[in-house]
Number of protein chains: 2
Amino acid sequence: MKKKRNEELAYEKVKRAIMLKKLNPDQRVTEEWLSQELKMSRTPIRSAFKRLESEGLLTLIPHRGAFVCNPSDKELEDVFRLRVVIERYAAELAIENMTDEDVVEMEKLLKRELEAYESKDFEAFLTINSLIHAFPAKLSNNTFLLQEIERLNQWSDCYLILKDEFYTIPTEEAKSIPEHHAILEAFRNRDVDKMCDEIETHLLSTLDDLSERKSIFS
Amino acid sequence: MKKKRNEELAYEKVKRAIMLKKLNPDQRVTEEWLSQELKMSRTPIRSAFKRLESEGLLTLIPHRGAFVCNPSDKELEDVFRLRVVIERYAAELAIENMTDEDVVEMEKLLKRELEAYESKDFEAFLTINSLIHAFPAKLSNNTFLLQEIERLNQWSDCYLILKDEFYTIPTEEAKSIPEHHAILEAFRNRDVDKMCDEIETHLLSTLDDLSERKSIFS
DNA sequence: AGCGAAGAAATTGTATACAATACATGAACA
DNA sequence: TGTTCATGTATTGTATACAATTTCTTCGCT
């Protein structure tokens with residue numbers, strides 16, 4: 001395996017730590033502490049922090065330190081509503097450019113999703129979920145669209161995990177499987193309007209579930 | 001004036017240099033060279049590079065260096081088409097939340113735009129143009145939407161300049177003034193559909209002008 | 001006790017030396 | 001002549017020492 005730069009390692013480890021809640025929202029993380037923890041100097045840590053900040057996972061305050069992001073419910077909703085708009089657009093373009101092989105490709109993704117769900121592999125499930133949502137954008141042939149969708153998707157994952165006290169694989173994930181199939185069906189039929197609507201329904205349903213689940217504790 | 005961090009200075013200077021074409025597309029910029037040029041060590045330069053990369057102005061290749069972005073025509077079009085989708089959404093939300101003062105505010109912006117145009121202050125013109133396009137997003141009350149619009153807008157500005165061999169204040173800018181007024185008018189009348197359409201027309205017209213202008217030389 | 005200032009401690013910001021890596025150059029060889 | 005491999009050079013990557021800045025603490029004053 002190719003040797004990775006420490007900067008890259010630091011980035012991945014911190015991100016993972018945030019996702020797995022080893023680092024809590026609003027927690028302060030100092031360069032010094034992390035450099036001891038990861039057994040490297042502060043230099044690559046600083047670089048990694050920069051990148052994590054640009055992705056919204058950390059907030060850097062000059063001369064103060066790095067703080068793990070702590071998204072509000074409103075922000076979570078904001079992201080999902082923006083995703084609706086952008087992913088609908090991606091669907092439009094995807095259907096314009098699609099071929100029969102793409103349908104097969106999408107079917108494969110859904111199959112992998114099911115497998116991940118059944119083997120309760122939470123991380124794999126998240127990864128495949130991202131791939132599914134990025135799939136139309138991949139066909140769109142619009143680089144920026146893909147980029148934006150991946151960005152927002154990543155945020156969603158992170159926020160989703162951060163906001164939930166006891167995140168494992170909840171029932172909600174089971175629900176998203178038939179919803180993804182509905183999207184696939186519309187895609188197969190090249191039905192733009194249907195596909196857009198299914199995407200909207202799915203995203204808003206996920207958002208609803210999140211709000212609901214949260215309200216148990218609040 | 002508060003003393004700025006060198007990292008901040010480096011960021012601003014490089015960005016400006018790219019915008020003013022002191023640095024050409026695809027040009028390689030080494031940390032060493034810039035550190036001598038800006039009379040600071042490589043450390044703050046590296047930080048600045050990271051940020052410029054995340055904004056798409058530079059491409060960083062590990063162990064190779066930093067390269068000034070060189071967007072293709074296709075990418076320019078991609079960005080503008082994505083902006084259409086997102087700014088339309090912003091307009092919808094803006095009209096939901098708007099008050100009478102907001103109309104006054106928008107009028108002020110257009111007045112400032114005209115002033116900048118008449119005094120041929122190109123940089124001011126670009127700045128105000130960005131403010132105008134971000135204005136609906138500001139009213140939208142969706143943080144991410146605003147962020148995305150500002151990002152794409154900044155890209156557009158940069159690409160717009162990079163792609164044009166002899167950029168000053170061309171006639172196209174004059175055209176955008178009445179188009180902005182059409183948007184304002186729809187906004188004043190709280191006419192969502194009209195406002196969305198005017199935004200779309202304006203963005204696509206800008207894109208057309210860019211493609212056309214370019215084709216003179218190609 | 002409350003307030004303010006001065007200094008101490010903690011932490012990021014910067015400079016610099018050195019290591020690791022990628023690319024270019026050129027020699028050896030077929 | 002063309003190809004491969006070793007070596008050299010340029011440039012980024014990393015560690016570390018030190019400077020600058022912010023925050024915390026403590027002490028003195030009212």
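Residue numbering restarts at 1 for every chain, and letters A, B, ... go by the order of the sequence lines.
Taking atom NE2 of residue B:His63 and atom P of nucleotide C:dA24, one finds them 16 Å apart after rounding to whole Å. With rounding to whole Å, B:Arg42 atom CZ is found 17 Å from D:dT16 atom P. When the P atom of D:dG13 is taken as reference, atom CD of A:Glu8 falls 11 Å away, rounded to whole Å. Per the geometry, CZ belonging to A:Phe67 stands 12 Å off C1' belonging to C:dT12, to the nearest Å.
Residues B:Leu58 and B:Val68 are in side-chain contact: their nearest non-hydrogen atoms beyond the backbone lie under 4.5 Å apart. Proximity of A:Asn142 to B:Glu77: side-chain heavy atoms (C-beta onward) are nowhere separated by under 4.5 Å. Between B:Arg81 and A:Tyr89, some side-chain heavy-atom pair lies under the 4.5 Å cut-off.
Checked against A:Tyr11 for a side-chain hydrogen bond (donor to acceptor under 3.5 Å, both in side chains), the options A:Lys4, A:Arg16, A:Glu55, A:Arg5 give a single hit: A:Glu55.
Heavy-atom distances under 4.0 Å link DNA chain D to A:Met40 of residues 28-40 of chain A, given in residue order. Against DNA chain C, the stretch residues 44-62 of chain B makes heavy-atom approaches under 4.0 Å through B:Pro44.
Not one side-chain nitrogen or oxygen of A:Arg64 sits closer than 4.0 Å to the OP1 or OP2 atom of C:dT11. Proximity of A:Ser41 to the phosphate of D:dA15: a side-chain N or O atom is located under 4.0 Å from OP1 or OP2. Under 4.0 angstrom from either OP1 or OP2 of C:dT14 there lies no side-chain N or O belonging to B:Thr43.
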_Residue pair B:Gln154, B:Glu150: steps toward the side chain to side chain donor-acceptor pair (under 3.5 Å) verdict_ = CA-CA 6 Å; B:Gln154 192 184 195; B:Glu150 283 174 342; over 6 Å; no

*Give the C-alpha distance, both sets of side-chain angles, the deciding distance and a yes or no for side chain to side chain contact (heavy atoms under 4.5 Å, CB included) between B:Ile149 and B:Arg83.*
CA-CA 7 Å; B:Ile149 286 181; B:Arg83 283 182 64 187; over 6 Å; no

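Figure legend: cation-pi geometry between B:Lys120 and B:Phe122 absent, as NZ or CZ is not positioned both under 6.0 Å from the six-membered ring centre and within 45° of its axis.
Counting only residues at least two apart or on different chains, the salt bridge (charged side-chain N to carboxylate O under 4.0 Å, His left out) pairs with a member in residues 93-103 of chain B are B:Asp100-B:Arg190.
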